[in-house]
A.B. asks: 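Let me give you the structure first, and then I'll get to my questions.
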Amino acid sequence: MPSLKSQSHPFSVHLANSKDGTDRFIWLINQKGGPRRFSGSSFATFEEARVAVKTKLASLVIEWLAAQNVNKLKTAEFCTL
């Protein structure tokens with residue numbers, strides 16, 4: 001099984017200034033072939049937004065990896081029938 005570092009995930013991250021005219025920041029995460037996720041609120045600093053999106057991205061990658069492993073197990077079970 002390849003190491004976690006050698007696997008690439010289908011997510012991309014974007015941090016930007018909030019469009020509400022304030023000096024606040026928002027994030028969004030795009031998933032290739034999947035939904036977009038947006039920050040539920042804005043952040044006072046770029047660093048706060050960066051830390052928040054990093055945390056969310058980590059949980060999405062863990063969920064994605066778990067789903068990949070389940071799919072591999074289902075394929076292996078099907079092949080052994």
Side-chain angles (χ1 to χ4, degrees):
M1 177 178 220
S3 72
L4 194 60
K5 289 186 178 186
S6 69
Q7 293 182 348
S8 61
H9 57 72
F11 303 102
S12 62
V13 172
H14 182 71
L15 292 161
N17 286 87
S18 178
K19 294 183 181 182
D20 63 5
T22 62
D23 290 331
R24 296 182 66 82
F25 295 88
I26 58 168
W27 58 259
L28 69 89
I29 299 174
N30 289 317
Q31 182 178 355
K32 186 176 182 179
R36 275 188 175 175
R37 291 157 177 97
F38 299 90
S39 55
S41 59
S42 62
F43 300 88
T45 66
F46 181 87
E47 183 64 14
E48 286 178 3
R50 187 190 69 79
V51 169
V53 75
K54 190 174 177 181
T55 301
K56 180 64 176 176
L57 179 62
S59 69
L60 291 172
V61 169
I62 289 168
E63 290 174 15
W64 177 79
L65 286 171
Q68 297 301 306
N69 288 334
V70 166
N71 288 338
K72 286 179 186 176
L73 289 174
K74 286 181 180 177
T75 301
E77 288 174 5
F78 179 75
C79 290
T80 59
L81 293 177

A.B. asks: Within a strict 4.5 Å, meaning less than it, do heavy atoms of the R37 and P35 side chains meet?
C.D. replies: yes
A.B. asks: Tell me whether D23 at atom CG has more than 12 heavy atoms from other residues, nucleotides or ligands lying less than 6.0 Å away.
C.D. replies: no
A.B. asks: Going by heavy atoms in the side chains, are F11 and V61 under 4.5 Å from each other?
C.D. replies: yes
A.B. asks: So, for W64 and S8, which heavy atoms are closest and what is the spacing to 0.1 Å?
C.D. replies: CH2-O, 3.2 Å
A.B. asks: Let me check something: any side-chain donor-acceptor pairs from residues 41-48 under 3.5 Å, sequence neighbours excluded? List them with distances.
C.D. replies:
from	atom 1	to	atom 2	distance (Å)
S42	OG	R24	NE	2.7
T45	OG1	E48	N	3.0
E47	OE1	R50	NE	3.1
E47	OE2	R50	NH2	2.7
E48	OE1	A44	N	3.2

A.B. asks: Between S39 (side chain only) and W27 (backbone N and O only), is there a donor and an acceptor less than 3.5 Å apart?
C.D. replies: yes
A.B. asks: Atom OG in S18, atom CD1 in I26: separation rounded to 0.5 Å?
C.D. replies: 5.5 Å
A.B. asks: Check L65, L57, I62 against H9 for a side chain to side chain contact (heavy atoms under 4.5 Å, CB included) and give me the one that passes.
C.D. replies: L57
